[in-house]
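Structure record follows, encoded as structure tokens.
Residue numbers begin at 1 in each chain, while the letters A, B, ... track the order of the sequences.
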Amino acid sequence: MLGNRKPTDFEILVYEIVRKVPLGTVTTYGRVTKRLGRGTARSVGTALSKNPFAPEVPCHRVVRADGSLGGFDGHTSGPRLQDKRRMLEEEGVTFLPDGRVAPACIRDAG
DNA sequence: CACCTGACATAAT
DNA sequence: AATTATGCCAGGT
């Protein structure tokens with residue numbers, strides 16, 4: 001099978017941090033890197049796109065720096081992204097009229 | 001080893 | 001404000 005592989009050390013580190021993001025809040029790809037002291041926002045996104053530990057690792061609580069959603073379940077648009085938004089709304093995260101997460105809900109990782 | 005791709009971020013247009 | 005170009009770095013081929 002092509003999709004099956006062991007998570008790398010870097011990916012494990014990312015999951016360790018994202019695991020701790022509290023209900024009702026979100027953090028950003030960039031803030032995760034900062035907390036990690038390694039990699040870039042982009043490489044964190046790539047790691048999360050392969051997250052094999054959902055929902056134990058709540059990767060839906062990680063969004064872009066400007067509050068836009070980013071991706072979910074390997075997709076950057078479409079119904080998966082809608083799922084991500086619904087999940088966040090369920091948890092109490094509020095959205096602006098333009099579809100971005102309200103800045104007040106964005107917290108530092110860690 | 002030499003590319004290539006990707007759930008990003010920021011600066012410049 | 002919206003779009004484009006560049007830089008970034010980890011992982012796969």
Close side-chain approach of [X] to [Y], heavy-atom, < 4.5 Å:
X: A:Thr25; Y: A:Val93; result: no
X: A:Val21; Y: A:Val26; result: no
X: A:Leu48; Y: A:Val18; result: yes
X: A:Ile17; Y: A:Leu36; result: yes
X: A:Thr8; Y: A:Ile12; result: no

Is it true that atom NZ of A:Lys34 has more than 12 heavy atoms of other residues, nucleotides or ligands lying nearer than 6.0 Å? no

Run the side chain to side chain donor-acceptor pair (under 3.5 Å) test against [X] and tell me which residues pass, sequence neighbours left out.
X: A:Thr46; result: none
X: A:Arg35; result: none
X: A:Arg38; result: none
X: A:Thr28; result: none

Could you tell me the separation between the [atom1] atom of [X] and the [atom2] atom of [N], rounded to a whole number of Å?
X: A:Asn51; N: B:dA7; atom1: CG; atom2: P; answer: 13 Å
X: A:Lys50; N: C:dG11; atom1: NZ; atom2: P; answer: 7 Å
X: A:Leu48; N: C:dG11; atom1: CG; atom2: P; answer: 12 Å
X: A:Asp66; N: B:dT10; atom1: CG; atom2: P; answer: 9 Å
X: A:Leu13; N: C:dG11; atom1: CG; atom2: P; answer: 10 Å
X: A:Lys34; N: B:dA9; atom1: NZ; atom2: P; answer: 13 Å

Let's see if you get this right: which residues in [range] place a heavy atom under 4.0 Å from DNA chain B?
range: residues 52-59 of chain A; answer: A:Cys59
range: residues 17-32 of chain A; answer: A:Tyr29, A:Gly30
range: residues 97-106 of chain A; answer: none
range: residues 86-94 of chain A; answer: none

Spell out protein contact along nucleotides 5-10 of chain C as letters: B when the base is contacted, S when just the sugar-phosphate is, - when no protein heavy atom is under 4.0 Å; keep the 5' to 3' order. --BBBS

Membership question, hydrophobic clusters at under 4.5 Å side-chain separation (ILVMFWY): are A:Met87 and A:Val57 in the same one? no

SB check A:Arg86 A:Glu90 (cutoff 4.0 Å):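 So A:Arg86 does not pair with A:Glu90 through a salt bridge.
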
Looking at A:Arg5 and A:Glu11, is any side-chain nitrogen of the basic one under 4.0 Å from a carboxylate oxygen of the acidic one?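 Salt bridge present between A:Glu11 and A:Arg5.
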
Of all pairs that satisfy salt bridge (charged side-chain N to carboxylate O under 4.0 Å, His left out), the ones with a partner from residues 53-63 of chain A, not counting sequence neighbours: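 For residues 53-63 of chain A, and leaving out neighbouring residues, the salt bridge (charged side-chain N to carboxylate O under 4.0 Å, His left out) pairs sorted by first residue read A:Arg61-A:Glu91.
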
Sequence neighbours left out, cut at 3.5 Å: what donor-acceptor pairs do the side chains of residues 98-110 of chain A make with other protein atoms?
from	atom 1	to	atom 2	distance (Å)
A:Asp98	OD1	A:Arg100	N	3.0
A:Asp98	OD2	A:Arg100	NH1	2.6
A:Arg100	NE	A:Asp66	O	2.9
A:Asp108	OD1	A:Arg31	NH1	3.4

Of all pairs that satisfy ring-ring contact (aromatic ring centres under 6.0 Å, His included), the ones with a partner from residues 38-77 of chain A, not counting sequence neighbours: A:Tyr15-A:Phe53

A:Asp73 near the nucleic acid: base, sugar-phosphate alone, or nothing, with a heavy-atom cut-off under 4.0 Å? base

